Amino acid sequence: MPEAAIAGAGPALPPLYYLHNFEALWRVVDARYADLLLPEELAQMRRFEALPRAARCLFVRLVLRVGPVFRVGRLHYPEIGDIDSALAPLIDSDLASDCAALDIDTLGSLFTRAEIQRCHAVELGEGQRPNKPTLLMAVAGLEESDAARAQRLCAALDERLIRIEGGDTVRLLQLLFFGNSRQSLVDFVLSDLGVASYWPYALSKAQRVFSSRGAVDVYRQADALAERHALWQDGRDRDTLRTLAADALGLASDSDSVVRRIHRLRNRIARDCERAGLPDTALELYVHSEQHPARERRLRVLEAQGATDEALAFAGRVLVQPWCEDEQAAVTTIRQRLLRRIHGTRALRRRDRFSTREMRLPPGTGRVERRAAEALQAEGWLSVRHVENALFNGLFGLAFWDEVFAAVPGAFHHPFQAGPADMFRSDFQLRRRPALERRLQQLAACDLEAELLRMVSRCAGYQCRWIDWRVITPALVQDAVRCIPFRHLVAVWRRLLFDPRENRRGQPDLVLLGGRAGEYQLWEVKGPGDALQPHQRRWLNYLCDIGAPAGVLKVVWGDA
DNA sequence: TCCGCGCTAG
DNA sequence: TTCACACGCTCAA
DNA sequence: GAGCGTGTGTCTCTAGCGCGGAAC
Ligand SMILES: [Mn+2]
Ligand SMILES: [Mn+2]
């Protein structure tokens with residue numbers, strides 16, 4: 001009996017939970033996406049539907065496991081009972097087949113070292129105890145056919161091998177249901193177990209994630225390419241990288257979300273092209289990407305190649321319409337460096353508006369943020385917390401919960417989302433502007449502390465991209481709202497709305513809360529050898545511009 | 001004999 | 001298996 | 001100081017198992 005069940009962490013699942021989940025998923029996909037399935041995929045599912053229950057159970061059990069080949073003798077499912085009788089209809093429906101061939105990899109994953117050695121004792125000798133890779137190499141050296149090997153193993157061990165068909169189809173169904181390849185049927189279980197709970201938002205039935213078979217296929221190709229790129233990391237062979245780059249350039253889709261995915265992938269591969277000394281390949285990829293930081297990287301490559309004039313011209317074009325603040329800042333820095341190099345001109349950078357406080361602490365153990373927090377706590381603050389992005393992001397999530405989870409068309413496709421599909425897209429605010437403005441007015445008029453505490457008790461525990469519930473507790477919300485003036489909170493929220501993706505990062509490390517309104521400070525802690533990152537600098541300047549007490553706390557080690 | 005890893009299941 | 005952050009290095013100025 | 005690579009922790013759960021391999 002698992003510990004979790006004893007602890008009462010979640011309700012027990014019904015005995016056939018996996019079958020029910022799979023069939024529920026299939027009903028949705030059948031209703032929404034049947035037209036995107038190939039005839040054979042659809043036919044497979046119709047054959048599945050016609051199976052007796054035990055066979056359906058066995059299929060779902062196995063198709064969700066690693067497979068696709070299994071040893072029948074190793075299968076034990078009390079709720080299914082006799083495996084052979086459950087298997088027969090599966091085989092009749094071509095959803096499983098007797099597996100007559102056994103390659104070396106499959107041999108190794110299905111059979112233990114001892115079993116393999118026993119079966120080949122005659123040829124390989126009994127004396128040594130080679131490790132498994134060595135043993136498999138030796139077996140491969142026997143040059144037995146896959147068919148003969150399957151037969152020999154099954155005879156020797158009185159075993160039966162089966163292959164489950166339809167794994168690709170089932171993966172496709174999950175992709176269609178979730179609209180991403182990150183989630184799976186596991187999410188059904190985690191939700192039922194209470195490990196993760198999801199807000200009961202309204203689903204948008206009208207809009208589909210994938211509008212055509214082509215979009216799905218390209219998504220899967222991009223996924224496969226990303227996989228190959230991840231695998232490339234340990235070999236780092238230049239020719240392979242060139243192939244990856246070419247394949248990435250070959251991907252195209254008319255779906256915006258798939259295109260975004262492709263462009264991000266191009267950026268990642270291009271970055272490795274830079275590292276691998278393939279600047280021209282990198283440029284080619286960056287030119288065909290509309291996701292930050294493609295243009296910034298493109299500019300850096302041009303600079304490194306010594307193409308100063310071209311770089312300057314390009315920087316000018318970027319700055320006419322920057323994609324985001326981060327790009328604007330980076331490109332401005334590079335442009336001024338280039339100008340200085342050519343003309344010797346020295347452009348003046350706008351001064352920082354925040355100040356830096358130096359703090360001398362005795363050398364000791366623990367992270368510098370914690371040490372600084374303890375020292376500040378001793379100065380009499382009611383509460384000093386290392387919150388980083390969690391505080392403002394969390395208060396934002398509480399304040400705009402209903403707007404975040406509002407039924408905007410295309411926002412929610414399935415019941416396991418922690419936010420709308422367009423949460424971090426540039427038009428998030430645009431598509432909800434009236435509701436957001438109304439909510440802001442409402443927040444201005446109400447008792448904010450009571451309102452946000454009400455939101456905590458209403459929403460606590462539900463998954464939300466903005467809220468880390470370990471940090472956002474009633475006590476913190478109460479203290480923060482009491483101390484931080486409303487006009488500061490509104491300004492912070494507007495900045496988050498302005499660019500939710502970029503601005504959820506870079507917020508100061510520490511928040512210091514006192515007992516009364518206005519008594520608070522925000523500090524970005526910097527130890528020796530650590531420097532402000534550009535987005536941290538932008539947040540600090542913004543906070544100071546709106547009148548918030550924010551700055552850098554520079555820690556130096558030494559005796560006071 | 002013990003430890004670490006991948007996999008499974010709820 | 002990503003993402004955000006810190007750290008420590010090199011290079012140029 | 002700018003830029004880079006790298007390390008660390010991290011809400012993509014968690015206990016239990018079978019196995020392989022190394023320690024003993
Ligand atoms: Mn920090
Ligand atoms: Mn810091």
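From a predicted model like this one, the values you see are computed outputs, not experimental measurements. Chain naming here is simple, since letters A, B, ... match the order of the sequence lines and numbering starts at 1 in each.
In this view, A:R340 satisfies the salt bridge (charged side-chain N to carboxylate O under 4.0 Å, His left out) rule with no residue, not counting sequence neighbours. In this structure A:R118 satisfies the salt bridge (charged side-chain N to carboxylate O under 4.0 Å, His left out) test with no other residue, sequence neighbours excluded. Residues meeting the side chain to side chain contact (heavy atoms under 4.5 Å, CB included) test with A:R501, sequence neighbours left out: A:R264, A:F424, A:D499, A:R504. Residues passing the side chain to side chain contact (heavy atoms under 4.5 Å, CB included) test with A:N541, sequence neighbours excluded: A:D352, A:R353, A:F354, A:R537. Judged as a ring-ring contact (aromatic ring centres under 6.0 Å, His included), and not counting sequence neighbours, A:F428 has no contacts.
If you find the closest nucleotide of DNA chain C to A:R367 and to A:A230, the one lying nearer the 5' end belongs to A:A230.
Within 4.0 Å of A:L13, counting heavy atoms only, lie sugar-phosphate atoms of the nucleic acid but no base atom. When heavy atoms are screened at a 4.0 angstrom cut-off, A:E115 is found touching no nucleic acid atom at all. Contacts of A:V189 with the nucleic acid, taken as non-hydrogen atoms under 4.0 Å apart, include base atoms. Residue A:Y18 is classed as having no contact, given no heavy-atom separation below 4.0 Å to the nucleic acid. If you check every strand for non-hydrogen atoms under 4.0 Å, A:D187 touches nothing. Within 4.0 Å (heavy atoms only), A:E524 reaches sugar-phosphate atoms of the nucleic acid but no base atom. Residue contacts for A:Q183: at a heavy-atom cut-off of 4.0 Å it reaches no nucleic acid atom on any strand shown. Nucleic acid contact class of A:R501 (heavy atoms, under 4.0 Å, all strands): none.
In this entry the distance linking CD of A:Q536 with P of C:dA4 reads 12 Å, nearest Å. The distance between atom CG of A:L62 and atom P of B:dC7, rounded to the nearest whole Å, is 16 Å. Between the CZ atom of A:R236 and the P atom of D:dT6 there is a distance of 7 Å, given to the nearest Å. Atoms NE2 (A:H292) and P (C:dC3) sit 13 Å apart, rounded to a whole Å. To the nearest angstrom, C1' of D:dT12 lies 16 Å from CZ of A:F188. Straight-line distance from the CG atom of A:L110 to the P atom of B:dT8: 11 Å, rounded to whole Å. Rounded to an integer number of Å, the gap from CZ of A:F22 to C1' of B:dA9 is 17 Å.
Between the side chain of A:Y219 and the backbone N or O of A:S181 there is at least one donor-acceptor pair closer than 3.5 Å. In this structure, the side chain of A:N393 does not engage the main chain of A:F396 through any donor-acceptor pair within 3.5 Å. Under a 3.5 Å cut-off, the side chain of A:S191 and the backbone N or O of A:D187 do not form any donor-acceptor pair.
Considering only side-chain N and O atoms, A:R74 lies under 4.0 angstrom from the phosphate OP1 or OP2 of D:dC19. Considering only side-chain N and O atoms, A:R275 lies nowhere under 4.0 angstrom from the phosphate OP1 or OP2 of D:dG3. Distances shorter than 4.0 Å separate none of the side-chain N or O atoms of A:N131 from OP1 or OP2 on D:dA22. For A:H535, no side-chain nitrogen or oxygen approaches OP1 or OP2 of C:dA4 to under 4.0 Å. Proximity of A:R61 to the phosphate of B:dC7: no side-chain N or O atom is located under 4.0 Å from OP1 or OP2. Within the 4.0 Å cut-off from OP1 or OP2 of D:dG5, at least one side-chain nitrogen or oxygen of A:R271 is found. OP1 or OP2 of D:dG20 has not a single side-chain nitrogen or oxygen of A:R129 nearer than 4.0 Å. For A:R113 and D:dC19, the shortest distance from a side-chain N or O to OP1 or OP2 is not below 4.0 Å. The phosphate of D:dA2 (OP1 or OP2) has a side-chain N or O of A:R349 nearer than 4.0 angstrom.
Note on A:E303 versus A:R335: no salt bridge recorded, every NZ/NE/NH1/NH2 to OD/OE distance being 4.0 Å or above.
For D:dG16 and C:dT1, the C1' atoms lie 24 Å apart once the distance is rounded to whole Å. Taking atom P in both D:dT10 and D:dT14, the straight-line distance is 13 Å, to the nearest Å. For the C1' atom pair drawn from B:dG10 and D:dT12, the interatomic distance equals 16 Å after rounding to whole Å.
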Write out a two-atom table: protein N or O, nucleotide N or O from nucleotides 7-13 of chain C, distance below 3.5 Å.
residue	atom	partner	partner atom	Å
C:dC7	OP2	A:D530	OD2	3.4

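Under the Watson-Crick or G-U wobble criterion, with both distances below 3.5 Å, D:dT10 is left unpaired in every strand shown.
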